[in-house]
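Reading through the structure tokens given below for one structure.
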Amino acid sequence: MPAVASGKVLITGANGFIAVWTVKAFLEAGFSVRGTVRSAAKAEHLKTTFSSYADKLEFVVVPDILEKGAFDQAVLGVDAVVHTASPVHLAADEPSEVIDPAVNGTLGILRSAALPLALASVRRVVYVSSCAAVLTRDAPARVYDETCWNDADARVVETLGRDADPLAKYSASKIYAERAAWAFYEEQKETLPWDLVVVNPPWVFGPVLHEVRGGPESLNPSNSLYFDAVTKGEFTVPDNCYVDVRDLALALTLAVEKPEASGQRIIVSQGKFKWQDFAVAANKISDKIPSLKEPYDASTAEYKIVYNNTKSKEALGITYRTLEETTADILKGWETRGWL
């Protein structure tokens, strides 16, 4: 069972919210990192942020991940690949706007890693999928595990097309991309020296390390929703589960390092939440956060979605931060940026 304890790791979409923390986690674990970015300018913030690791950090410009052979050069000479580059937005009109980049980008990196020259070095590929590929959003309350698939949203998108709701389109992109990854791996694994690990996080929140040009309105989608929920009381998407971005970054590092992760699909989730949980925690930490407008008691709240995170603890050895720890660190970052 291949696993990589040292060497060079390729991280795609290296300037993204999750990816920047992942770059940090790998560098701190002693790895060298090669990151892909869409333009040289997008690497400048990372070079500054990780200036003390200048001798262990390099970048490759991949302008379009949908272009044939986009990652062919990027994978050469690396020991592992962590694929985070995928569209995360809820504004697509046509489903293909999010599905095609997700599927083709994922297959593109796998095909590049399967080229003869890449096979000389690559020993593990970690693909960041999503719990959007796991849960059935309109189902009764239940506990989900790695055997679950969100076939419902795929059917909705197939039936309604552009009239499907935004979350269904996003979920479909994750479903199709992950299924494509597993299909490719199953077809090729007998001839590959590397194995595949898929990590499925739910909502990802946490402090900002990536470049944000502007105020909180410029945040990545998940943190933008978090900001509006905590500071404005706008609970615009259904309750779900979450993971701190730093715990996810560590999980991706361990997914490369641990032999036990070989060939596994692993849900990485801290636990369930309602937006009120974060709002209450934030209000206790900062007097700049408004109180809830309506009474709320977490002890009697009903949570519709719960993910079984046993495999992440057993296979990866993850210990998760508490909701209060995540909230405190997020608020500290907002204070520093003058957003509170």
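In this text the structure is predicted, and so the values were computed from the model without any measurement.
- Looking only at distances, a side-chain donor or acceptor of Y144 sits under 3.5 Å from a matching main-chain atom of T136.
- To the nearest 0.5 Å, the span separating NZ on K56 from CZ on F26 amounts to 13.0 Å.
- In this model, no donor atom of one side chain and acceptor atom of the other lie less than 3.5 Å apart for Y242 and T326.
- A salt bridge links K24 and E28; the closest N-O separation between the charged side-chain nitrogens and carboxylate oxygens is under 4.0 Å.
- For the atom pair CD1 of I175 and CG of D151, the computed distance is 7.0 Å after rounding to the nearest 0.5 Å.
- Between the S112 side chain and the G108 main chain, a donor and an acceptor come within less than 3.5 Å of each other.
- Under the 4.5 Å side-chain criterion, counting only non-hydrogen atoms from C-beta, V33 is not in contact with F50.
- Considering all non-hydrogen atoms of both residues, A14 and V20 come closest at O-CG2, 3.3 Å.
- Using a distance-only test at 3.5 Å, with no hydrogens or angles considered, no donor-acceptor pair links the side chain of R137 to the main chain of N150.
- Between Y127 and H83, the ring planes are parallel. Angles under 30° get that label, and only those over 60° would be called perpendicular.
- One finds a salt bridge joining E44 and K47 here, because a Lys/Arg side-chain nitrogen approaches an Asp/Glu carboxylate oxygen to under 4.0 Å.
- Side-chain contact check for P63 versus R38: every heavy-atom pair is 4.5 Å or farther apart.
- Of all non-hydrogen atoms in R34 and K8, the two that sit nearest each other are NH2-NZ, 3.7 Å.
- Counting only N and O atoms by type, the side chains of D195 and Y185 include no donor and acceptor under 3.5 Å apart.
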Exercise for the section: For the pair Y296 and D277, evaluate side chain to side chain donor-acceptor pair (under 3.5 Å) and give the outcome as yes or no after the intermediate values. Expected result: CA-CA 9 Å; Y296 175 72; D277 296 324; 2.5 Å; yes

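- Across all their heavy atoms, A80 and V256 have their closest contact at CB-CG1, 3.8 Å.
- Partners of W339 by side chain to side chain donor-acceptor pair (under 3.5 Å), not counting sequence neighbours: none found.
- Counted within 6.0 Å of CD on E217, heavy atoms from surrounding residues, nucleotides or ligands total more than 12; the atom is thus considered enclosed.
- For the pair E324 and K284, the salt-bridge criterion is not met [side-chain N within less than 4.0 Å of a carboxylate O].
- No side-chain heavy atom of I267 sits less than 4.5 Å from a side-chain heavy atom of S312.
- Ring geometry for Y226 versus F205: interplanar angle of 30 to 60°, hence tilted.
- Other residues, nucleotides and ligands contribute only 12 or fewer heavy atoms inside 6.0 Å of the CD atom of Q73.
- Stacking of R265 on the aromatic ring of W182 is not recorded, the 6.0 Å distance cut-off and the 45° axial limit not both being met.
- For W275 and F273, the gap between ring centers is short of 6.0 Å.
- Here the shortest heavy-atom pairing between F235 and A229 reads CE2-O, 3.4 Å.
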